[in-house]
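Comments concern the structure below.
Chain identifiers are assigned alphabetically (A, B, ...) following the order of the sequence lines, protein sequences preceding nucleic acid strands; residue numbering begins at 1 within each chain. Values in this document were obtained by computation on a predicted structure and should not be read as measured data.
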Protein chains: 2
Amino acid sequence: MSEENLELRKVGLKVTAPRLKILHILEESSGHHMSAEDVYRKLMESGEDVGIATVYRVLTQFEGAGLIARHNFDNGPAVYEVDRGDHHDHMVNVDNGVVIEFHSAEIEALQEKIAAENGVDIIGHNLVLYVKDRK
Amino acid sequence: MSEENLELRKVGLKVTAPRLKILHILEESSGHHMSAEDVYRKLMESGEDVGIATVYRVLTQFEGAGLIARHNFDNGPAVYEVDRGDHHDHMVNVDNGVVIEFHSAEIEALQEKIAAENGVDIIGHNLVLYVKDRK
DNA sequence: CTAATTGCAAAAGCTTTGCAGCGCA
DNA sequence: TGCGCTGCAAAGCTTTTGCAATTAG
């Protein structure tokens, strides 16, 4: 029984061909962020017979199960990446579309401090820096 | 000549009824964030005859002119607010939808530092904290 | 006068949903 | 076998666009 097989069982999802294929695509595209359309295109390229609706449904389930993380960069479609537990934020280079991941414990600490000052608890956050190459 | 009238001229936009009305709605709803649909609904309530397409076009123009700022909170439609030049980020209370604005010079400084470390310049950023009331 | 602006309706882009059939456990 | 899962097509929601008529400067 493969690892992906186990990952799916662990989160209570039936092990089906579409789910395995989609999870596999996301794992091998590690480093990139994939939109539902990107995943669907990859499936088509592999000659797989999976509907776009299934891609959306599976991505939503994976996200709910904590297997993947969803991000919304400004406009454009939502993108996903495998959630390795290492939280990070993103820098999007608007010149070439390259996405750099980063993490700042200091920023996170400041966020907590600000939330505390307002009497609330943070349950999630979204930080994206839009950048350009320095001339 | 009204102030709004001047604001429009200053950014090179013709002074038309739809633009004045939309700018007015945004200014009097200060504090809230308005989606295109929200603005359109207000126009309808006032018996104004403005198309939703015009609302979208005008909001886009206002944003380009720096009169207003656009935000994308997770899912849902884009929302706008008058840009008073005071940059700030947002905390969205997921329990009641309340949006709190905040600003942290420390966080901004850290962002600049991180960008510098990666050899890029920040041209914009997006920071939203999703929070809950503390129990 | 003339380019900018507008309303309408249609279309586009992304995502969700209804439904009947198929397949995992 | 039974419920979950799937593909397809249709619909939904937000936003954009083509076009002819209108209007600001």
As a quick check of understanding, evaluate side-chain contact (heavy atoms from CB on, under 4.5 Å) for Leu8(B) and Thr16(B), giving each step before the final call.
CA-CA 9 Å; Leu8(B) 292 179; Thr16(B) 66; over 6 Å; no

Do the ring planes of His33(A) and His71(A) sit parallel (below 30°), tilted (30 to 60°) or perpendicular (above 60°)?
perpendicular

Taking all atoms of both residues into account, what is the closest heavy-atom pair of Val55(A) and Ile22(A), and its distance?
CA-CD1, 3.9 Å

Which whole-number value in Å describes the distance from Met34(B) CE to dT15(D) P?
14 Å

Test: salt bridge (Lys or Arg N to Asp or Glu O under 4.0 Å). Region: residues 53-70 of chain B. Which pairs qualify, not counting sequence neighbours?
Glu63(B)-Arg70(B)

Going by atom type alone, with no hydrogens or angles, which donor-acceptor pairs under 3.5 Å involve a side-chain atom of residues 113-123 of chain A and a protein atom two or more places apart or on another chain?
from: Asn118(A); atom 1: ND2; to: Ile114(A); atom 2: O; distance (Å): 2.8
from: Asp121(A); atom 1: OD1; to: Arg134(B); atom 2: NE; distance (Å): 3.2

Does a sphere of radius 6.0 Å around NZ in Lys42(A) hold more than 12 heavy atoms from other residues, nucleotides or ligands, not counting ones at 6.0 Å or beyond?
no

Roughly how many Å is it from CZ in Arg9(A) to P in dC5(D), rounded to a whole number?
13 Å

side-chain hydrogen bond (donor to acceptor under 3.5 Å, both in side chains) between Asn93(B) and Asp133(B): does it pass, once the steps are laid out?
CA-CA 7 Å; Asn93(B) 188 317; Asp133(B) 290 315; 3.2 Å; yes

Return the residues of residues 35-53 of chain B meeting this criterion: a heavy atom under 4.0 Å from some atom of DNA chain D. Order them by number, or give none.
Ala53(B)

Can you pull out every salt bridge (Lys or Arg N to Asp or Glu O under 4.0 Å) where at least one residue sits in residues 82-92 of chain A? Sequence neighbours excluded, please.
none

Return the residues of residues 54-82 of chain A meeting this criterion: a heavy atom under 4.0 Å from some atom of DNA chain C. Order them by number, or give none.
Tyr56(A), Arg57(A), Pro77(A), Ala78(A)

I want to know whether His125(B) and His90(A) have ring centres closer than 6.0 Å.
no

Would you mind reporting whether Phe73(B) and Val128(B) have side-chain heavy atoms less than 4.5 Å apart?
yes

Interatomic distance, Leu13(B) CG vs dT23(D) P [rounded to whole Å]:
19 Å

Close approaches to DNA chain D from residues 14-24 of chain A, in residue order (heavy atom, under 4.0 Å):
Lys14(A), Thr16(A), Pro18(A), Arg19(A)

